[in-house]
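Comments concern the structure below.
Convention: sequence-line order gives letters A, B, ...; per-chain numbering from 1.
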Amino acid sequence: MGKLKAFILEADHTLRSGQSGVRLFVKTQRGKSLRFYDFSLEPYFFVKPRGDLDKTKAQAEKLSVYSQHGAIKPKRVEEAEKNWRGKKVRLLKILCFKANDVPVLREELRSVGELFEHDIPYTRRYLVDKRITPTGLAQIEANGLLIENISSIASEKNPSLRKMAVDIETYNPSGIPDALRDPCLMVGFAGDSADGVFSYSKKFSFDKVKAFKTEKEMLEAICGLLREQQTDLVCTYNGDVFDLPYMQARAKKLGADFRMGRDDSAVRSKRQGLRVVSRLGGRLHYDVFPVVSFLNFIGTIRVPRLTLEKVYEEILGGKKLDVKKLDIWKTWDEGTTKELDFLAEYCLNDAVACLRLANHFLHLQLELSKLVGLPLVEVSRATASQLVESLLLRRAFERNELVPNKPSSEEIRGREENPIQGAFVKTPPAGVYENIAVLDFKSLYPSIIISHNIDVTTVGCDCCSEKEAFVSPQGHKFCAKRKGIIPETLGFVLDERFKLKSEMKKLSKDSAEYKALDARQWGLKILANSFYGYLLYARSRWYSRKGGEATTAWARQYIHETIAKAENAGFRVLYADTDSLFLEYPKGGEEKINAFKKSVNDVLPERMELELEDFYPRGVFVAKKQESRGAKKKYALINKEGKIKIRGFELVRRDWSRIARHTQREVLEILLKEGSLGKAVELVRKTIADLKAGSVPLEDCVIYTQLRKKVGSYEIQSPEVAAVIHARKSGLKIPENSVVGYVITRDGRSISEKARVAEQAENYDADYYVNNQVLPAVLKLLGALGFDEESIKTKGSQTSLLGSW
DNA sequence: GCGAGCAGCGTACCT
DNA sequence: ACAGGTACGCTGCTCGCG
């Protein structure tokens with residue numbers, strides 16, 4: 001075997017005769033899975049001596065720390081030079097035998113100098129220093145040493161991975177199953193060339209079910225299946241926290257031979273930061289839940305509740321079988337064959353949904369992996385800051401720049417306690433308007449950061465005069481001669497995305513090539529939008545308060561100037577938020593808007609651009625509660641194709657009941673499509689009557705809220721907290737930090753007293769849903785048409801709206 | 001002792 | 001565990017009134 005090209009999938013830390021190395025899990029282009037070992041990178045960190053370099057070097061070389069395993073010493077000490085804040089600095093590079101020696105030796109050297117790059121995990125260090133980008137192609141030599149990475153950053157190819165989605169059902173008589181007591185009942189699986197359900201002891205007639213004698217045999221069969229299918233990618237939905245550790249715990253209890261890893265290892269569940277990650281040796285565990293949760297957080301997708309059911313429905317438009325989770329144990333104990341079949345079908349259904357979701361997001365994840373250089377397993381669980389940091393870590397190495405240290409907890413607190421001034425938001429006038437043009441600045445913050453070279457390494461440089469440098473509105477100076485790492489990297493991200501976009505225009509939308517490029521540009525968009533946040537993220541290594549202040553100050557300046565220009569051009573500026581403006585224009589005046597846009601772009605810096613988002617024949621802004629001026633961040637628009645864009649209204653919030661959201665949506669649609677009340681009043685009246693008659697289904701009254709703190713730590717007993725406390729008293733298990741659904745019932749005096757978790761609610765308080773949900777949601781919309789609450793209640797035919805009052 | 005008014009808590013949204 | 005800006009419901013307190 002000479003040289004070999006293979007995709008690098010994962011790297012683990014490993015030890016051989018007291019020396020750190022990595023174990024690489026790779027996949028050849030022909031689809032063969034292989035492992036390689038590389039011990040050629042010594043763990044290291046830097047010390048910037050406070051005193052004399054040579055003296056400190058001699059001191060470091062003599063260093064020896066006694067531990068129970070013998071003396072820990074540096075393997076070697078070298079001199080090094082790195083760039084730091086635009087200047088070259090001399091450093092000592094302390095090379096170690098083992099990664100674990102780094103934290104020991106650095107503590108001994110803390111007193112003689114400033115430490116750098118001492119907290120970068122060894123495998124990460126390895127991938128950066130060896131210039132290897134997972135999940136890309138690399139060239140490997142026969143002896144197992146990796147010599148070069150051959151996938152360019154614009155890599156085209158992806159490894160072909162054999163996938164298998166897995167989903168379990170468990171016995172749960174007390175609500176939440178306990179692995180020490182409650183068995184795993186079924187394992188559903190769905191892969192490229194196999195799907196079905198493994199269960200045990202019961203009789204099934206569903207032909208996809210294979211029933212083993214015991215739970216132990218069932219669990220062992222799953223491992224056999226993965227081996228037989230040569231699965232590379234095990235897909236789950238929250239398998240990090242639930243399915244994988246649960247199966248492993250059951251297997252341990254039952255003494256099953258349970259080795260899901262390709263290297264016959266067990267599931268390894270470890271806390272990583274705030275969450276648990278479950279890994280499988282030699283196979284990639286790809287958990288779709290953190291992916292969905294990340295995309296929902298950054299606003300790429302909008303799903304109010306991240307259950308597999310809801311996400312599948314929202315993202316892929318698929319309907320899934322529904323089973324009452326709390327009744328699974330009953331079905332198991334007493335169910336007929338037909339009922340057990342249904343449970344199995346549901347279980348398989350979950351696995352299929354999981355596989356489809358896994359596939360749907362896989363291209364994005366692979367592209368992100370190649371872009372930032374993190375393995376798929378890490379990238380799929382990464383936060384926005386980790387993606388940015390990973391990219392910057394690589395760029396810093398290429399620029400021979402010292403990586404800034406993580407902030408201390410005092411620094412973090414200081415940063416958190418001192419937020420900067422952010423974006424400008426204009427108060428809109430409440431009302432219904434016709435002919436609205438929405439314009440926005442394309443990638444406003446990124447383009448400002450690039451255009452003005454905003455970075456922690458360029459702020460307040462001493463090489464530029466006041467005239468040469470970029471000076472922000474509040475006087476922060478940024479170097480104009482030496483490009484900062486953030487503007488440079490961000491510039492690359494934006495350029496790359498621009499190139500892809502123009503390439504995509506030449507392709508047919510349903511070609512595989514288009515889809516591949518689309519996933520890549522999506523990844524680049526996510527990255528571009530994450531840099532500004534990272535600049536001001538309290539735990540950021542490249543934090544820059546002045547950089548953040550300058551970015552928002554310039555943004556405010558640009559939007560204010562543009563508003564003034566629009567007004568001078570004769571448009572009424574209805575609304576503006578951060579980078580967008582809403583202009584009212586005369587009927588048929590679309591060309592005037594285009595001319596205005598051009599006049600703005602003519603004088604903007606090269607990187608910046610004002611774009612037309614769309615023309616809207618009608619739109620509505622509502623008044624603030626108890627006030628006549630318009631509310632910010634709440635509006636609805638309808639475009640020429642009849643498509644409605646809604647922002648901020650109760651109907652987009654999960655902490656409003658469906659009955660209120662639904663009614664508000666209907667009223668809004670009537671208003672936008674017809675511009676009048678008529679039908680809307682009728683609809684509201686009917687809804688109120690239904691509520692009073694008790695004919696509204698209870699599920700339409702459920703309000704969802706996440707408890708973001710521990711239940712015991714609340715100062716105020718809000719309805720959701722009271723509902724959970726009540727539920728726990730009656731033995732219902734509700735996990736901390738979960739999204740709870742509750743209903744306001746008739747049982748109690750205050751709203752909190754009346755609140756019950758959805759599972760326990762048996763009735764609803766019609767008055768509450770009329771007065772506190774439906775009416776507040778619709779009255780403001782009706783108010784936008786000139787009706788205030790009083791006139792609706794007292795005048796003419798509108799009286800009937802509240803007829804039964 | 002009681003209701004009105006208000007501040008502050010807390011969540012979810014927008015860009 | 002990405003930023004700041006914003007709306008708004010609800011609780012629980014204060015205050016004025018009697």
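Looking at A/Gln773 and A/Ser657, their side chains do bring a donor and an acceptor atom within 3.5 Å of each other.
As a whole-Å value, the separation of A/Asp577 CG from C/dG5 C1' is 8 Å. The nearest whole Å value for the distance from the CZ atom in A/Arg302 to the C1' atom in B/dA12 is 11 Å. Atoms CG (A/Leu651) and P (B/dC13) sit 11 Å apart, rounded to a whole Å. Rounded to an integer number of Å, the gap from A/Arg545 CZ to C/dA3 C1' is 13 Å. Between the CG atom of A/Asp655 and the P atom of B/dG10 there is a distance of 15 Å, rounded to whole Å. Taking atom CD of residue A/Glu627 and atom C1' of nucleotide C/dT6, one finds them 12 Å apart after rounding to whole Å. Following rounding to the nearest Å, A/Phe621 (CZ) and C/dA7 (C1') show an atom-to-atom distance of 15 Å. Note: OH (A/Tyr635) to P (B/dC14) measures 8 Å, nearest angstrom.
Checking the phosphate oxygens (OP1, OP2) of C/dT6, no side-chain nitrogen or oxygen of A/Lys633 falls inside 4.0 Å. A/Asn772 has no side-chain polar atom (N or O) that falls below the 4.0 Å cut-off from OP1 or OP2 of C/dG9. The shortest distance between the side-chain N/O atoms of A/Arg647 and the OP1/OP2 oxygens of B/dT15 is below 4.0 Å. Between A/Ser718 and the phosphate of B/dG10, there is no side-chain N or O to OP1/OP2 separation shorter than 4.0 Å. One finds no side-chain N or O of A/Thr578 lying less than 4.0 angstrom from the OP1 or OP2 phosphate oxygen of B/dT15. For B/dT11, neither phosphate oxygen OP1 nor OP2 lies less than 4.0 angstrom from any side-chain nitrogen or oxygen of A/Arg708.
Using a 4.0 Å heavy-atom cutoff across all strands shown, A/Gly422 reaches sugar-phosphate atoms only and no base atom. Counting any heavy atom pair closer than 4.0 Å across all strands shown, A/Arg275 reaches no nucleic acid atom. At a threshold of 4.0 angstrom between heavy atoms, the contacts of A/Val388 with the nucleic acid are absent.
Comparing atom distances between the A/Ile420 side chain and each of C/dG4, C/dC8, B/dG8 picks out C/dG4 as nearest. Here the side chain of A/Lys634 is nearest to one of C/dC2, C/dC8, C/dT11, namely C/dC8. Among B/dG8, C/dC2, C/dG9, the nucleotide with an atom closest to any side-chain atom of A/Ile716 is B/dG8. When each of B/dA12, C/dC2, C/dC10 is scored by its nearest atom to the side-chain atoms of A/Ser752, the top-ranked nucleotide is C/dC10. Out of C/dT6, C/dC2, C/dA3, the shortest distance to the side chain of A/Val425 is found at C/dT6. Side-chain atoms of A/Ile751 lie closest to C/dT11 of the nucleotides C/dT11, B/dG10, C/dC2. The side chain of A/Gln706 sits closest to B/dA12 out of B/dA12, B/dC14, C/dC2. Considering only side-chain atoms of A/Tyr768, the nucleotide from B/dG10, B/dT15, C/dC10 that sits closest is C/dC10. Proximity note for A/Lys709 (side chain, C-beta onward) versus C/dA7, B/dG10, C/dC2: the nearest is B/dG10. When the nucleotides C/dG9, B/dG8, B/dT11 are ranked by their closest atom to the side chain of A/Glu720, B/dT11 comes out on top.
Between A/Lys634 and A/Glu650, at least one side-chain N (NZ, or NE/NH1/NH2) sits under 4.0 Å from a carboxylate O, which counts as a salt bridge. Between A/Arg746 and A/Asp767 there is no salt bridge, since none of the side-chain N atoms of the basic residue sits less than 4.0 Å from a carboxylate O of the acidic one.
Across the interface with DNA chain C, nearest-nucleotide mapping of A/Phe531 and A/Ala423 shows A/Phe531 to be the residue nearer the 5′ end. Each of A/Tyr532 and A/Gln717 has a nearest nucleotide on DNA chain C; the 5'-most of these lies closest to A/Tyr532.
Rounded to the nearest 0.5 Å, atoms NE2 (A/His476) and CH2 (A/Trp554) are 9.5 Å apart.
Cation-pi geometry between A/Arg756 and A/Tyr742 is not met: the NZ or CZ atom fails to fall both under 6.0 Å from the ring centre and inside 45° of the normal.
At most 12 non-hydrogen atoms from other residues, nucleotides or ligands lie less than 6.0 angstrom from NZ of A/Lys546.
Between A/Tyr534 and A/Trp542, the ring-plane angle classifies as tilted under the 30° and 60° cut-offs.
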